[in-house]
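Just below is one structure, and these are the notes that go with it.
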Amino acid sequence: MAAQRAEEDALAGWSARELATLRRRLRAWYREAARPLPWRESHDAYRVWISEIMLQQTTVAAVIPYYERFLTRFPTVAALAAASESDVLQLWEGLGYYSRARNLRRAAQVVVEQHAGEFPQAVEELQALPGIGRYTAGAIVSFAFNRPAPIVEANTLRLYCRLLGTRVDPRSAVGQRLLWEFAGRLPPASEPSEINQALMELGATVCTPREPGCQRCPLLSHCRAAATGLQHEIPPPARRPELTRVVERAVVVRRRGQVLLMQHGVDERWAGLWNFLRFPAEEVTGSLSEHLQQRFGVRATVGDPFHTLTHGVTRYHITLHCHAAQWQSGEPHEGTRPFQWVSLDQLAGVPLPQSGRKLARLLVAEGTTTQRRLFAE
DNA sequence: AAACCGGGGGT
DNA sequence: ACCCCAGGTTT
């Protein structure tokens with residue numbers, strides 16, 4: 001296989017001597033260029049774990065305030081294990097990928113119940129916990145326990161591809177095997193944590209996607225891509241899925257100063273979070289009022305849209321038309337989906353997706369006058 | 001292998 | 001408007 005040949009070629013020529021030199025230069029650079037990150041404060045597995053889960057597909061700047069609040073509210077794995085799912089989701093609100101929060105709580109319960117509250121120190125055992133994959137397991141082992149473990153994520157993936165000078169697709173099975181093999185050779189027995197952090201930091205700040213700073217890279221003389229001028233073409237860009245435009249409707253049903261919320265099911269987007277009544281506009285065949293009665297068993301008078309907001313979610317661009325409605329009769333039901341009535345004051349304590357929160361803020365901020373207009377009682 | 005999961009920030 | 005992000009799970 002051509003791909004297999006490319007893999008062998010890419011790994012050939014990295015002598016133990018060269019790797020030792022590479023590590024020395026990397027450490028020297030890192031000790032100058034270091035920026036503070038939450039987990040540098042301690043080598044606590046719980047803290048490293050929380051931060052790594054939050055950082056999945058999420059930028060450092062976005063994570064920091066969430067990390068601080070989370071550690072204050074749930075300072076130990078035992079505290080997290082004892083929390084309700086809703087409480088954990090509440091702290092996760094706005095961060096996205098909410099299965100991370102649900103898995104976090106489940107994993108905490110496993111650690112408490114099956115590991116006596118102590119994090120296992122082996123990659124395989126950590127990877128068996130919900131929400132912990134190969135990267136996060138390696139990150140915990142190397143950062144928290146300071147034991148050698150390979151890490152491959154967005155930054156090191158790009159860095160390794162360029163160092164290796166390979167045009168192999170890093171997302172393919174062959175590419176993955178190549179990268180993890182190379183990643184396994186990099187952390188030394190002594191102080192591997194620093195090397196792994198330095199690799200990620202170099203990828204994040206110097207070996208960047210668009211304009212890699214090769215002139216200031218401490219590993220320039222080791223880089224097979226830079227040697228041949230291929231750093232801009234490696235790694236090959238991922239194919240972007242096409243954006244689908246959809247129109248949805250949200251209905252704020254009001255009854256005696258309270259609003260109606262539905263909970264998203266486990267097989268839906270925003271699983272476990274609450275929302276106003278919300279559905280694709282195309283599912284509405286007749287009037288909105290008829291739709292509410294047929295689908296939720298609720299009689300209500302529905303007004304024209306009072307607000308429209310757009311937002312992106314995964315590969316969808318959503319236009320959301322928001323309606324105010326006045327409840328008349330009928331308790332809401334739809335399969336086993338939970339519903340609840342909450343006052344506007346209580347809304348702050350219920351986990352909502354970002355789009356729902358924007359709508360909620362609108363209701364609270366609009367004031368009594370507008371609400372009276374929207375909900376003619 | 002491909003789809004799915006969210007939202008923010010940079011350009 | 002498009003690209004990227006300290007990924008993991010499910011199909």
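Note that the structure is predicted; figures quoted are calculated from it, not measured. Each chain gets a letter, A, B and so on, in the order its sequence line appears, and its residues count up from 1.
- In this structure, Glu290(A) contributes its side chain and Ser287(A) its backbone to a donor-acceptor pair below 3.5 Å.
- With respect to Met262(A), the side chain to side chain contact (heavy atoms under 4.5 Å, CB included) criterion is satisfied by exactly one of Trp274(A), Phe339(A), Phe276(A), Phe279(A): Phe339(A).
- In the set dC5(C), dG8(C), dG7(B), the nucleotide with an atom closest to the side chain of Gln56(A) is dG8(C).
- Here Arg240(A) reaches the OP1 or OP2 of dC4(C): one of its side-chain N or O atoms lies under 4.0 Å away.
- The Pro353(A) side chain lies nearest to dG7(B) when the options are dC4(B), dA3(B), dG7(B).
- Positionally, the nearest nucleotide of DNA chain B for Asp267(A) lies more toward the 5' end than for the other of Asp267(A) and Arg210(A).
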Legend entry - Which nucleotides of DNA chain B pair, in dot-bracket form (Watson-Crick or G-U under 3.5 Å, | meaning another strand): |||||.|||||

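- Residue contacts for Thr156(A): at a heavy-atom cut-off of 4.0 Å it reaches no nucleic acid atom on any strand shown.
- A heavy atom closer than 4.0 Å to some atom of DNA chain B occurs in Gly94(A), Leu95(A), Gly96(A), Tyr97(A), Tyr98(A), these being the qualifying members of residues 91-102 of chain A.
- When the nucleotides dG6(B), dC5(C), dG8(C) are ranked by their closest atom to the side chain of Val313(A), dG6(B) comes out on top.
- Enclosure of atom CZ in Arg299(A) is not indicated, since only 12 or fewer non-hydrogen atoms of other residues, nucleotides or ligands lie within 6.0 angstrom.
- Of the candidates dG8(C), dG6(B), dA3(B), dG6(B) carries the atom nearest the Arg269(A) side chain, counting heavy atoms from C-beta on.
- Distance Met54(A) CE to dG7(C) P: 14 Å, rounded to the nearest Å.
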Filtered N/O pairs between nucleotides 9-11 of chain C and protein, under 3.5 Å:
residue: dT9(C); atom: OP1; partner: Gly131(A); partner atom: N; Å: 2.8

